[in-house]
Each structure stands twice: as structure tokens, then as C-alpha cells.
Amino acid sequence: MRYAETDQMNVVYHGNYAQYFEVARAEAIRELGFTYKEMEASGVVMPIVELHTKFLRPAKYDDLLTIKTQLRELPTDHRIEFHHEVYNEEGKLLTIGRIVLYFLDAKTMARSTMPEALAQHVRPYFNKG
């Protein structure tokens with residue numbers, strides 16, 4: 001954790017978690033073999049419509065954080081919901097987050113669905129059986 005991200009109490013400022021979650025989502029999608037840039041090039045954008053954060057324990061200056069990112073449901077409409085868990089280097093759960101984004105057509109801003117190119121990378125994780 002960088003010093004500039006902490007407050008007077010030496011605790012990570014709560015507003016920084018939205019940025020941490022954004023980086024975690026982008027990297028999770030990249031690990032699937034797709035990128036936000038590719039999605040936007042396909043004409044789909046993903047604005048955040050809900051952000052829920054629960055702070056269980058503080059993250060402090062110089063903590064090494066790990067953010068676990070999950071999709072618990074395969075998106076079937078215009079919504080996608082990510083779940084985040086933030087752990088310190090001792091493996092203690094510090095913060096949980098739930099972020100809801102919409103798939104929107106970049107030109108019209110009308111609700112859309114998950115781009116098929118991304119869906120091809122996501123579906124295998126839900127079709128195990």
C-alpha cells in the first residue's frame with residue numbers, strides 16, 4: 001500500500017477501493033483472454049451502476065494486498081456482477097465489495113448484452129459438469 005493512499009490514521013482511504021476493484025476487474029477479464037479495450041472496440045461500454053463495500057478490517061500503509069475477483073453468475077442480460085475480496089499478506093479478509101455494471105451500446109447508450117467474444121471466454125467456467 002502506498003503512503004499517498006492512506007489517511008491520517010495510517011489506514012487506506014475508503015475511496016481508493018473503487019479503483020482497486022476496477023484494476024482487479026480489468027485484470028480478471030485480461031486473464032480470461034479478453035480486455036476492456038477489445039470490448040470498447042466492439043462497441044460496448046460497462047458503466048458501474050452499483051458499488052457496495054463492506055470494511056471488515058483496515059488495510060494500512062505498506063500492506064501487500066491481494067484482491068480476489070469472482071463472477072458468481074453467468075450474465076444473461078444487460079447486467080454483470082463482480083464480487084471482490086481484499087486480503088492482506090497474512091491472508092486476513094479486510095474488505096468485500098460487490099459491483100454491478102451494465103453492458104451498454106457505446107453509440108446509443110442503450111442496454112446491451114455481454115459481447116459474444118467475452119462470453120466465449122466466460123462460459124467455460126460455468127459449464128463445468
Side-chain angles (χ1 to χ4, degrees):
M1 196 47 38
R2 298 178 299 208
Y3 183 75
E5 296 173 357
T6 61
D7 61 18
Q8 223 173 4
M9 298 176 288
N10 199 32
V11 171
V12 172
Y13 176 67
H14 70 277
N16 289 320
Y17 284 88
Q19 292 179 32
Y20 300 162
F21 295 156
E22 180 182 356
V23 170
R25 282 191 311 279
E27 292 306 313
I29 290 172
R30 184 184 311 279
E31 285 184 26
L32 291 171
F34 198 70
T35 65
Y36 264 92
K37 186 175 182 176
E38 290 172 303
M39 185 166 5
E40 290 175 352
S42 76
V44 175
V45 294
M46 290 173 53
I48 293 175
V49 297
E50 293 180 39
L51 170 64
H52 302 272
T53 309
K54 185 172 183 178
F55 302 98
L56 307 171
R57 295 178 183 87
K60 297 183 179 180
Y61 171 63
D62 208 33
D63 280 353
L64 178 61
L65 303 180
T66 299
I67 302 174
K68 180 180 174 183
T69 303
Q70 292 181 311
L71 281 177
R72 295 181 182 165
E73 297 177 353
L74 180 64
T76 57
D77 58 12
H78 62 278
R79 294 173 37 111
I80 186 167
E81 186 172 308
F82 288 89
H83 296 266
H84 300 286
E85 296 176 347
V86 180
Y87 295 89
N88 65 13
E89 54 204 302
E90 294 153 6
K92 290 186 178 180
L93 179 61
L94 307 179
T95 306
I96 56 176
R98 183 177 66 83
I99 317 301
V100 178
L101 302 95
Y102 282 1
F103 295 108
L104 299 181
D105 180 284
K107 290 181 183 170
T108 66
M109 299 307 277
R111 291 178 182 174
S112 184
T113 57
M114 181 170 32
E116 184 56 32
L118 175 58
Q120 289 175 4
H121 294 282
V122 172
R123 269 191 215 107
Y125 292 93
F126 292 95
N127 293 333
K128 295 179 179 180

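These figures come from a predicted structure and were not determined experimentally.
- A single hydrophobic cluster is seen to contain both Val44 and Leu32, as judged by linkage of ILVMFWY side chains at heavy-atom distances under 4.5 Å, directly or through other members.
- Atom CD1 in Ile67 sits 10.5 Å away from atom CD in Glu27 (nearest 0.5 Å).
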For Ile48 and Arg25, run side chain to side chain contact (heavy atoms under 4.5 Å, CB included): C-alpha distance rounded to whole Å, both residues' side-chain angles, the deciding distance at 0.1 Å, then the answer.
CA-CA 12 Å; Ile48 293 175; Arg25 282 191 311 279; 3.5 Å; yes
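- Relative orientation of the Phe21 and His84 rings is parallel, given thresholds of 30° and 60° on the angle between their planes.
- Remark: side-chain polar atoms of His121 are not paired, donor with acceptor, to backbone N or O of Phe34 under 3.5 angstrom.
- In the hydrophobic cluster analysis, where Ile, Leu, Val, Met, Phe, Trp and Tyr join through side-chain heavy atoms closer than 4.5 angstrom, Tyr125 is grouped together with Met114.
- Atoms OG1 and CG, from Thr66 and Leu93 in turn, are 11.5 Å apart once rounded to the nearest 0.5 Å.
- Tyr36 and Ile80 fall within a single hydrophobic cluster, where Ile, Leu, Val, Met, Phe, Trp and Tyr are joined by side-chain heavy atoms under 4.5 Å apart, directly or via other members.
- Here the closest heavy-atom approach between residue Arg79 and residue Phe103 is recorded as O-CE1, 4.2 Å.
- Contact annotation: the side chain of Met39 approaches that of Leu118 to within less than 4.5 Å [non-hydrogen atoms, C-beta and beyond].
- Taking the charged nitrogens against the carboxylate oxygens, Glu38 and Arg30 have no contact shorter than 4.0 Å, which rules out a salt bridge.
- Shown here is Glu50, whose CD atom has more than 12 heavy atoms of other residues, nucleotides or ligands within 6.0 Å.
- Heavy-atom minimum distance, Phe82 versus Leu101: CD1-CD1, 3.5 Å.
- A donor-acceptor pair is defined here as one N or O able to donate and one able to accept, closer than 3.5 Å; no such pair exists between the side chain of Glu85 and the backbone of Lys68.
- Tracing side-chain contacts under 4.5 Å through hydrophobic residues (I, L, V, M, F, W, Y), one never reaches Val23 starting from Leu71; they form parts of separate clusters.
- Residue Thr113 holds its OG1 atom at 9.0 Å from CG of Asp77, rounded to the nearest 0.5 Å.
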Please report the C-alpha distance between Ile96 and His83 in whole Å, then the side-chain angles of each, then the deciding distance to 0.1 Å, and finally whether the side chain to side chain contact (heavy atoms under 4.5 Å, CB included) criterion is met.
CA-CA 7 Å; Ile96 56 176; His83 296 266; over 6 Å; no
Is there a salt bridge (charged side-chain N to carboxylate O under 4.0 Å, His left out) between Arg72 and Glu81 once you walk through the steps?
CA-CA 8 Å; Arg72 295 181 182 165; Glu81 186 172 308; over 6 Å; no
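- Checked against side-chain contact (heavy atoms from CB on, under 4.5 Å), Glu31 has no partners two or more places apart in sequence or in another chain.
- Linking ILVMFWY residues whenever their side-chain heavy atoms come closer than 4.5 Å, directly or via other members, places Phe55 and Val86 in the same cluster.
- Contact check for Leu104 versus Arg111: side-chain heavy atoms found under the 4.5 Å cut-off.
- Pairing each heavy atom of Ser112 with each of Asp105, the nearest pair is CB-N, 3.9 Å.
- Between the Asp63 side chain and the Leu65 main chain, no donor and acceptor come within less than 3.5 Å of each other.
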Under the side chain to side chain contact (heavy atoms under 4.5 Å, CB included) criterion, do Arg123 and Glu116 qualify, and how do the steps go?
CA-CA 10 Å; Arg123 269 191 215 107; Glu116 184 56 32; 2.9 Å; yes
Evaluate Leu51 against Tyr17 for side chain to side chain contact (heavy atoms under 4.5 Å, CB included), listing each step before the verdict.
CA-CA 10 Å; Leu51 170 64; Tyr17 284 88; over 6 Å; no
